[in-house]
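Structure, as structure tokens:
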2 protein chains.
Amino acid sequence: MEQTESRRTRGRPRQFDLDEAVATAQRLFHARGYDAVSVADLTQAIGINPPSFYAAFGSKADLYSRILDRYAAQGAIPLPDLLSADRPIAECLVAVLEEAARRYAADPGAAGCLVIEGARCADREAKGAAGAFITAGEEAIYRFIAARYPDQAACIQDYMSTVMAGLSASARNGHNFDRLLATARLAGVGLEQTFALNRQGREK
Amino acid sequence: MEQTESRRTRGRPRQFDLDEAVATAQRLFHARGYDAVSVADLTQAIGINPPSFYAAFGSKADLYSRILDRYAAQGAIPLPDLLSADRPIAECLVAVLEEAARRYAADPGAAGCLVIEGARCADREAKGAAGAFITAGEEAIYRFIAARYPDQAACIQDYMSTVMAGLSASARNGHNFDRLLATARLAGVGLEQTFALNRQGREK
DNA sequence: TCCATAACTTACGATCCGCTACATAAATGG
DNA sequence: CCATTTATGTAGCGGATCGTAAGTTATGGA
């Protein structure tokens with residue numbers, strides 16, 4: 001017999017909802033950034049005391065890492081979906097930029113990319129956790145480009161990273177979705193032009 | 001008779017060089033960002049004690065503001081020079097982006113733009129001081145574009161801000177000058193294309 | 001020589017930071 | 001019933017933060 005999911009745990013039941021607390025913390029981190037959110041801010045927002053916080057989440061950095069997982073599964077840009085399509089490369093990359101514009105401006109109270117902005121914090125642990133997600137995304141984009149244009153993949157990958165960091169920054173600076181989208185499309189012109197020239201060169 | 005510059009001040013002479021101290025502080029702020037530099041870091045790097053620091057500079061935020069002035073005069077992108085030229089608009093804007101790439105990667109120990117990165121800090125006072133410089137730069141670029149293309153000035157201005165923020169972020173992420181320059185030029189394609197289409201539309 | 005001035009050194013206050021020791025409350029298992 | 005387990009609240013630790021009060025030292029001016 002396996003233990004069923006309905007079997008209660010032993011000790012005193014937790015008096016707050018874990019997922020709800022994580023969501024609250026995510027909102028805080030996204031709105032203010034890792035460094036600017038103190039444990040006191042978190043415990044107050046969740047409505048618990050420090051010992052409950054540390055018992056449930058380990059530490060501020062641990063909680064942040066858990067939130068990054070949550071974000072990658074729910075709020076982040078779905079790179080596999082956008083990149084695995086059998087559309088032209090430039091179209092896919094522009095779609096990524098447009099999706100970035102959409103998501104970065106989705107919540108006015110938590111603008112920008114949680115991961116990109118998180119990687120800018122001073123805390124070594126949190127920076128490393130966010131950096132791992134960034135690296136993963138960068139590699140996904142790099143491989144996607146390199147499959148067809150290995151020579152230019154690095155350069156275009158740099159461009160994508162830079163534009164996305166810029167979009168996240170501009171979102172935090174108050175640019176709304178329309179402005180971000182216009183910027184993303186303007187940035188896409190460089191991509192389309194590059195791959196158009198590539199095709200010309202090949203067909204010659 | 002006016003008092004000459006050689007006239008010494010009354011009390012005990014300062015035992016450290018003011019300009020040198022400001023330069024040291026600028027290096028620290030540029031390398032780590034406003035929030036991550038403590039007064040203790042500054043006093044230790046300069047070689048003085050806190051009271052001397054506060055007597056000389058007022059506060060951390062005051063010193064930062066003074067450093068922004070210094071940076072605007074020495075280290076920042078010379079927008080008037082680059083924009084007042086009677087070259088095509090796109091060429092000027094690309095020159096700004098290329099100059100940004102050059103300066104943001106100039107010092108590996110202090111990558112990115114002191115002003116752009118400073119505007120991202122948590123301290124209200126420092127954020128406001130840096131924000132004023134950013135606004136001034138943005139307005140200069142906006143006016144430059146609007147003089148000939150008023151309809152598209154806002155959009156292109158957004159694009160410029162976003163790319164420059166991205167370049168600064170990528171510089172902090174370790175991109176060297178060559179990589180930043182390639183990114184800046186790729187970003188310039190969107191500008192050239194836009195203004196090329198504009199001319200086509202006019203000549204029709 | 002003595003005073004006014006200004007920068008110096010030492011030491012500390014007040015507050016916030018992440019985090020925890022300790023006793024207590026609320027549940028399950030025997 | 002009691003033991004075990006887990007969460008909770010109170011209260012506080014050690015350290016870092018920005019900033020300052022108090023007393024000392026070094027200069028110029030009268």
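Just so we're clear, the structure is a prediction, and the values are computed from it rather than from any experiment. Atom set for the values below is all heavy atoms of this structure, side chains included, hydrogens, waters and symmetry mates excluded. Just so we're on the same page: letters track the sequence lines, and every chain starts at 1.
Classification of the B:Phe195-B:Tyr149 ring pair by plane angle, with boundaries at 30° and 60°, yields tilted. Aromatic ring orientation, B:Tyr64 versus B:Phe29: perpendicular (interplanar angle above 60°, classes split at 30° and 60°).
With hydrogens and angles left out, the side chain of B:Arg10 and the base of C:dA6 share no donor-acceptor pair within 3.5 Å.
Atom P of nucleotide C:dT24 and atom CD of A:Gln15 are separated by 17 Å, given to the nearest angstrom. Per the geometry, CG belonging to B:Leu63 stands 14 Å off C1' belonging to D:dC18, to the nearest Å. The nearest whole Å value for the distance from the CD1 atom in A:Ile48 to the P atom in C:dG18 is 14 Å. Following rounding to the nearest Å, A:Phe16 (CZ) and D:dA7 (C1') show an atom-to-atom distance of 9 Å. Summarising the geometry, the separation between CD on A:Glu125 and P on C:dC17 is reported as 19 Å, rounded to the nearest angstrom. Atom CZ of A:Arg124 and atom P of C:dG18 are 18 Å apart (whole Å).
Figure legend: cation-pi geometry between B:Lys60 and B:Tyr54 absent, as NZ or CZ is not positioned both under 6.0 Å from the six-membered ring centre and within 45° of its axis.
For the pair B:Ser52 and C:dC8, the criterion of a side-chain N or O lying under 4.0 Å from OP1 or OP2 is met. In this structure, A:Tyr54 does not reach the C:dT20 phosphate: none of its side-chain N or O atoms is under 4.0 Å from OP1 or OP2. Between A:Ser38 and C:dC17 there is a side-chain N or O to OP1 or OP2 distance below 4.0 Å. Between C:dT9 and B:Asn49, a contact under 4.0 Å exists linking OP1 or OP2 to a side-chain N or O. Distances shown here put every side-chain N or O of A:Thr9 at or beyond 4.0 Å from the OP1 or OP2 atom of D:dT6.
When the nearest nucleotides of DNA chain D are assigned to B:Phe53 and B:Pro13 by heavy-atom distance, the more 5′-ward of the two goes with B:Phe53. Nearest-nucleotide positions on DNA chain D for B:Gly58 and A:Gly11 put A:Gly11 closer to the 5' end.
Side-chain rings of B:Phe177 and B:Tyr104 stay apart, their centers remaining 6.0 Å or farther from each other.
A salt bridge does not link A:Arg70 with A:Asp19: every distance from a Lys NZ or Arg NE/NH1/NH2 to an Asp or Glu carboxylate oxygen is 4.0 Å or more.
Nearest nucleotide to the B:Ser59 side chain, out of D:dG19, D:dT8, C:dC8: D:dG19. Side-chain proximity of B:Arg12 to the nucleotides C:dA26, C:dA6, D:dA21 is greatest for C:dA6.
Residue contacts shown for B:Pro50 include a base, since a base heavy atom lies under 4.0 Å away.
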